[in-house]
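Right, one structure below, let's go through it.
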There are 2 protein chains.
Amino acid sequence: MNSDDDGLWAGDRQQPLTISDVAKAAGVGESTVSRVLRGKGSVSDEARERVLAAAKHLGYVPNRIAGTLASAGSKLVALVIPSVTNIVFADVLSGAAPILNGLGHQAVFAVTDYDQELEEELIESMLAWRPSGLIVAGVEHSGRSVSMMRGAGIRIAEILDTDSPGLDIVVGYSNLEAGRMSARFLASRGRRKIGYVGHDLQRDRRAAKRHEGFCQTLLGLGLHLADAEILPSLSSIELGRDGLAALLDRSPDLDAVYFANDDLAIGGLFHCMAHGIAVPERLALMGYNGLDVARLAPRPLSTIRTPRRLIGEMAAKLVCSREPSGVYDVGLELIEGATV
Amino acid sequence: MNSDDDGLWAGDRQQPLTISDVAKAAGVGESTVSRVLRGKGSVSDEARERVLAAAKHLGYVPNRIAGTLASAGSKLVALVIPSVTNIVFADVLSGAAPILNGLGHQAVFAVTDYDQELEEELIESMLAWRPSGLIVAGVEHSGRSVSMMRGAGIRIAEILDTDSPGLDIVVGYSNLEAGRMSARFLASRGRRKIGYVGHDLQRDRRAAKRHEGFCQTLLGLGLHLADAEILPSLSSIELGRDGLAALLDRSPDLDAVYFANDDLAIGGLFHCMAHGIAVPERLALMGYNGLDVARLAPRPLSTIRTPRRLIGEMAAKLVCSREPSGVYDVGLELIEGATV
DNA sequence: TCACCCAATGGCAGCGCTGCCAATAGCCAG
DNA sequence: CTGGCTATTGGCAGCGCTGCCATTGGGTGA
């Protein structure tokens, strides 16, 4: 009997267990063990039980690396996202991970930090694991990224943006339309001197599209962006607070501000609360994403809710499926809130 | 010449490229290709260039599955965490992922949803990928989880809790001490009728330890928890808001409330702001974690900052190193804020 | 000049598993 | 009874790569 229960420390380990150890212990062939462990092919109940007992007794954990190599079909799905701390992507992950596990897959992920070159590099390292699918944020990628993804021969899901054509599966919503909705909403509430607070639009292409849609629609309504504060770094509550302060400093007569997202907008709202600026009477604020913190703030933020978790779930499901290529638009929901 | 640049769609793919295709194209042996691609062993400059050119021309992406199987040393590191949407773990991931990538590793992750049975299952699937290291939240695991981790013969880092002994590497801080600090702080500011709002302590063991430390210290100071609202689900801003409302409804004379974490505390703060409860004059609020949103709220929250990103970074580094087993305590920082 | 050493290289076994095929045994209709 | 089936099983090649070993072709010091 293997005194496996105690006394071992990381590192001191006998040689690794293989399927043939289990086969020997159970008195069957390797193929039978494999069949039992994968639940494929026909095995007698007796053999099955013997194998299961032996595997449990030995503490055998199958080696998926070997299994994948032998069977060509990997059970890994790669996720390439710009950030984990941004709740948007965390929500996507939290939607995708359980679905993938439920389908017997494992999630591998990498964080691009909104950098297209890094994205390219990371896509390459991900593909080296021969995943069965790849989920990647956005539809805009470097040329080499695109050819690698095409050449990989696997399902690709591009998420969170439906404004440009995708390679295979696209799950998301129109950022352009989100910008337009926001402009229409502010205008319909009588706002005329509208400002914008956003972060680096070069890197965050989806925010750039919202900005574009917003400006388009304003122009169509005979309005225009009165002022804009574009901050050089990534979005955060702090940036929104300071950005709004700077914007109002320069253009004190604005009657509304559109933020690139809820993080920034919450920062703006906090600024107003701390400085006694009446929201929405004197200044309307509008965000984007529909975060919890925005909904639950003392004054609920006007924003647009994006079904991020759902996007993660759908992308995970689709990437493991044989559904046809195409665009899956999950839509957007305007949250009127109380800041406009 | 391979017209590889366009016209391919996911799915229609010639047979996969292998190292021997590259070898043939470059007119060298497979071993040489392998040496070039891994930068190991000596290769003439001429051969190196030929190989690199051939690989690039063919669009070859090495197969890490095969490489791992052949070399026994995997380049995967597994992360098992309770949640991704909880910023705490997202921060850990965002600290760990870049470090792992920098060391040539890939991160695989799984989400336990604070469920020890699921954790056990997920640890098993993770180990099936023969990772070179495993990072797991907390130091309390099921017996089978423990023996699997011990038996895996890899580095294990247990994070975010140093209150119980670990298997190999432990990176975190004392949750007990965090609870004690909070109790001392509230007491030192003259608070005497102290309540608690928390979530399911059965599932979140670290929150339970803070609660324990908090109560201990109160007793040591001749005080005690006047009332507690334990909510059955996971923490969220909403839960904190509703929890505080319920608590005050029952015990309107409390002069301070300790929350299991900042999410709940922010919810509490929002409740107070929306209902005109003067903070901290009439009611002091104390959270835990030091989130951005807490620091930047109109009234900065009194809380304890946990260096989560750093923990992710350290765990990643240590798990890939040969440093001795041990406890790495990163400490805690009391943020006085303005709600106590 | 010769024995020796070393950089550079190719060949090939084998990592642990799965897919395929052949072998065996039991069973039933003819 | 016998051939034909099916259910069950074991053997073994091979997935693509790396580790190890053998080989080659020069340098080098004595």
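Quick note on labels: first sequence line is chain A, next is B, and so on, each numbered from 1.
To the nearest angstrom, P of D:dG16 lies 16 Å from CH2 of A:Trp129. If you take CD1 of A:Ile19 and C1' of C:dG19, they are 13 Å apart, rounded to a whole angstrom. Note: CG (A:Leu69) to P (D:dT18) measures 12 Å, nearest angstrom. Spacing between atom CD of A:Glu30 and atom C1' of D:dG11 amounts to 9 Å, rounded to whole angstrom units. Rounded to whole angstrom, the span from the CD1 atom of B:Ile65 across to the P atom of D:dC17 amounts to 11 Å. When the C1' atom of D:dG16 is taken as reference, atom CG of B:Leu37 falls 13 Å away, rounded to whole Å. The CZ-P distance, from B:Arg64 to D:dT18, rounds to 10 Å in whole Å. Atom CZ of B:Arg50 is separated from atom C1' of C:dA8 by 13 Å (rounded to the nearest Å).
Residue contacts for A:Ala23: at a heavy-atom cut-off of 4.0 Å it reaches no nucleic acid atom on any strand shown. Using a 4.0 Å heavy-atom distance criterion, A:Ser42 is classed as a base contact.
Side-chain atoms of B:Arg35 stay outside donor-acceptor range of the base of D:dG19, with no qualifying N/O pair under 3.5 Å. No donor-acceptor contact under 3.5 Å links the side chain of A:Thr32 to the base of D:dG10.
A:Arg48 has no side-chain polar atom (N or O) that falls below the 4.0 Å cut-off from OP1 or OP2 of D:dT8. Phosphate proximity of C:dT18 to A:Ser34: present, with a side-chain N or O under 4.0 Å from OP1 or OP2.
Remark: side-chain polar atoms of A:Arg64 are not paired, donor with acceptor, to backbone N or O of B:Ala128 under 3.5 angstrom.
Residues B:Gly27 and B:Arg130 each lie close to DNA chain C; by heavy-atom proximity, the contact nearer the 5' end of the strand is made by B:Gly27.
The side chain of B:Ser31 approaches D:dG19 more closely than any other nucleotide in the set C:dG16, C:dG19, D:dG19. For B:Asn63, the listed nucleotide lying nearest its side chain is D:dG16; candidates were D:dG16, C:dT9, C:dT18. Looking at the side chain of A:Ala70, the nearest of the listed nucleotides D:dG14, D:dC17, C:dG11 is D:dG14. Of the candidates D:dT8, C:dC17, D:dC17, D:dC17 carries the atom nearest the B:Thr18 side chain, counting heavy atoms from C-beta on. With C:dG16, C:dT18, D:dG16 as the choices, the nucleotide that has an atom nearest any side-chain atom of B:Tyr60 turns out to be D:dG16. Taking every side-chain heavy atom of B:Ser71 into account, D:dT18 is the closest of C:dG16, D:dT18, C:dC17. In this structure, of D:dC15, C:dG10, D:dC17, it is C:dG10 that holds the atom nearest to the side chain of B:Val28.
Salt bridge A:Arg155/A:Asp168: present, at least one basic N to carboxylate O contact under 4.0 Å. Taking the charged nitrogens against the carboxylate oxygens, B:Glu313 and B:Arg309 do have a contact shorter than 4.0 Å, which makes a salt bridge.
Residue A:Pro16 comes nearest to A:Asp21 through the heavy atom pair O-OD2, 3.8 Å, listed as atom of the first residue, atom of the second, then distance.
Residue B:Leu69 holds its CG atom at 5.5 Å from CG of A:Leu69, rounded to the nearest 0.5 Å.
More than 12 heavy-atom neighbours from other residues, nucleotides or ligands sit within 6.0 angstrom of CD on B:Glu124.
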